[in-house]
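Beneath this line is the structure, given in structure tokens, with notes to follow.
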Amino acid sequence: GTAALIWNEIIREKVTNFIMNQSKEQRILNFVLQNAVRGDPCSVVDTIDKYCSQKEWAMNVGNEKGKILDKTVEEVNPSVALELGTYCGYSAVRISRLLKAGARLLTVEFNPEFAAIAKQMIEFAGVQDKVKLLEGPSEEIIPQLKKKYEVDTLDFVFLDHWKDRYTPDTILLQECNLLRKGSVLLADNIIFPGAPDFLNYVRKSPHFQCTNYPSHLEYMQVEDAMEKAVFLG
């Protein structure tokens, strides 16, 4: 798994970027703009999956784990959701297509280049009315959610950013009183590349009830899993 990631993420990607004079993320966006149906979020999600499974690997949640994400969102039926790690906007589009009328998703992206790509992806999918993209570090944005973005509490949180931020950001969500009894956290990539600190924290905490969903790394046959942690108050 590590060797495959090094090949895809470092060697192959850098060579292709140099030859084509554009980033992989820009190539994913271009493929969507040329092949997906504007205003159809399902078409956008399917087109990204097609590109990343057939042409270039990318760190979207992917369709296999995406179905776990879908099921969780449908069960929670959130009014206010938070995503940490937007990347190209794949999971923001995937989540928002399931949101009820009047619900909103706040998605946080640290990398300005990824944020610019995601903004176009979200608009092309036609879900910009449900999604607010917040650019900057999660540890700065989370404490601003209540006052600046008028969030009372979060019904659903999807963690898919830097793995070493999972635990501190979960603690920050608690300290900022952004979780209510029944708030659901879903964390991606807890086996590969792995988030052992987060697993240790939520599984040992009396404040969370955890469920593990074994799966595979997006677009690969590498073992991975998602962890659902329900906040008990």
*Run the numbers on V73 and L98 for side-chain contact (heavy atoms from CB on, under 4.5 Å), then give the verdict.*
CA-CA 7 Å; V73 172; L98 299 172; 4.0 Å; yes
*Would you say the side chain of L172 lies within less than 4.5 Å of the side chain of P143, judging by non-hydrogen atoms?*
yes
*What are the two closest non-hydrogen atoms of K100 and K130, and how far apart are they?*
O-CE, 4.4 Å
*For the residue pair S91 and E83, confirm or rule out a side-chain donor-acceptor distance under 3.5 Å.*
yes
*Under 3.5 Å, is there a donor-acceptor pair between the N30 and Q26 side chains?*
yes
*Thinking salt bridges, do K228 and E75 make one under a 4.0 Å N-O criterion?*
yes
*asked:* Is the shortest side-chain heavy-atom distance between L69 and F158 below 4.5 Å?
replied: yes
_Within the supplied structure, the quantity of interest is the number of heavy atoms (other residues, nucleotides, ligands) at a distance under 6.0 Å from E123 CD; does it exceed 12?_
yes
*asked:* Are I122 and V37 linked, directly or through intermediate hydrophobic residues, by side-chain heavy-atom contacts shorter than 4.5 Å (ILVMFWY only)?
replied: no
*Heavy-atom donor-acceptor pair, H216 side chain to V222 backbone, under 3.5 Å*: no
*Could you state whether F110 and I142 fall into the same hydrophobic cluster, counting links through intermediate Ile, Leu, Val, Met, Phe, Trp or Tyr residues with side-chain heavy atoms under 4.5 angstrom apart?*
no
*asked:* Within this structure, what is the CG-OG1 distance for the pair L199 and T167, rounded to the nearest 0.5 Å?
replied: 8.5 Å
*Sub-4.5 Å side-chain heavy-atom contact between K119 and L133*: yes
*Salt bridge between D152 and R180, side-chain N to carboxylate O under 4.0 Å?*
no
*Using modelled atom types only, decide if a donor and an acceptor are shared between the side chain of S205 and the backbone of Y201 within a distance under 3.5 Å.*
no
*Using a strict cut-off of less than 4.0 Å between a Lys/Arg side-chain nitrogen and an Asp/Glu carboxylate oxygen, indicate whether D160 and K163 qualify as a salt bridge.*
yes
_Looking at N200 and P196, would you say the former's side chain and the latter's main chain have a donor-acceptor pair under 3.5 Å?_
no
*Take atom CD of E74 as the centre, draw a 6.0 Å sphere, and report whether it contains more than 12 heavy atoms from other residues, nucleotides or ligands.*
yes
_For the OH atom of Y90 and the SG atom of C52, what is their distance to the nearest 0.5 Å?_
8.5 Å
*Side-chain heavy atoms under 4.5 angstrom apart, residues restricted to Ile, Leu, Val, Met, Phe, Trp, Tyr: same cluster for W162 and V157?*
no
*C210 and E227: which non-hydrogen atoms are nearest, and at how many Å?*
CB-OE2, 3.3 Å
*Please confirm whether the backbone N or O of S79 pairs with a side-chain atom of D155, one donor and one acceptor, at under 3.5 Å?*
yes
*Does a side-chain heavy-atom distance below 4.5 Å link Y219 with E64?*
no
*V32 with F114, same ILVMFWY side-chain cluster at under 4.5 Å*: yes
*Would you indicate whether the side-chain heavy atoms of R97 and D70 approach each other to under 4.5 Å?*
yes
*K24 side chain to W57 main-chain N or O, any donor-acceptor pair under 3.5 Å?*
yes
*Determine the minimum heavy-atom distance between Y166 and D188, stating which atoms define it.*
OH-O, 2.8 Å
_Neighbour count above 12 (heavy atom, 6.0 Å) for K181 NZ_ = no
*For the pair D129 and R104, find out whether any cationic side-chain nitrogen is under 4.0 Å from an anionic carboxylate oxygen.*
no
*State, yes or no, whether a side-chain contact exists between R94 and D49 at a heavy-atom distance under 4.5 Å.*
yes
_Taking the six-membered ring for Trp, are H161 and Y87 closer than 6.0 Å centroid to centroid?_
no
*asked:* Between T86 (side chain only) and V108 (backbone N and O only), is there a donor and an acceptor less than 3.5 Å apart?
replied: yes
_More than 12 heavy atoms from other groups under 6.0 Å of CD on Q128_ = yes
*asked:* Using 0.5 Å steps for rounding, measure from the CG atom of L173 to the CG atom of L84.
replied: 6.5 Å
*asked:* Among V80, L82, L185, I95, exactly one meets side chain to side chain contact (heavy atoms under 4.5 Å, CB included) together with F156. Which residue is that?
replied: I95
*Answer yes or no: is there a donor N or O on one side and an acceptor on the other, between the side chain of D40 and the main chain of C42, under 3.5 Å?*
yes
*asked:* If we ignore hydrogens and angles and just use 3.5 Å, is the side chain of D224 paired with the main-chain N or O of F192 as donor and acceptor?
replied: yes
*asked:* I need the N189 CG to F198 CZ distance, nearest 0.5 Å.
replied: 12.0 Å
*asked:* If I compare all heavy atoms of E109 with all of G85, which pair ends up nearest, and what's the gap?
replied: OE1-C, 3.9 Å
*Joint hydrophobic cluster, I68 plus L159, side-chain heavy atoms closer than 4.5 Å*: no
*Between P214 and A225, which heavy-atom pair has the shortest distance, and what is it?*
CA-CB, 3.9 Å
*Is there a side-chain contact between K55 and F31, using heavy atoms and a 4.5 Å cut-off?*
yes
*What's the spacing between K147 NZ and C176 SG if we round to 0.5 Å?*
11.5 Å
*Keeping the roles fixed (side chain from R27, backbone from Q22), state whether a donor-acceptor pair exists under 3.5 Å.*
yes
*How many angstroms lie between CG in L33 and CD1 in I28, if you round to the nearest 0.5 Å?*
12.0 Å
*Side chains of M59 and E218: closer than 4.5 Å at any heavy-atom pair?*
yes
*Count the heavy atoms of every other residue, nucleotide or ligand shown that sit under 6.0 Å from NZ of K146, and state whether that count exceeds 12.*
yes
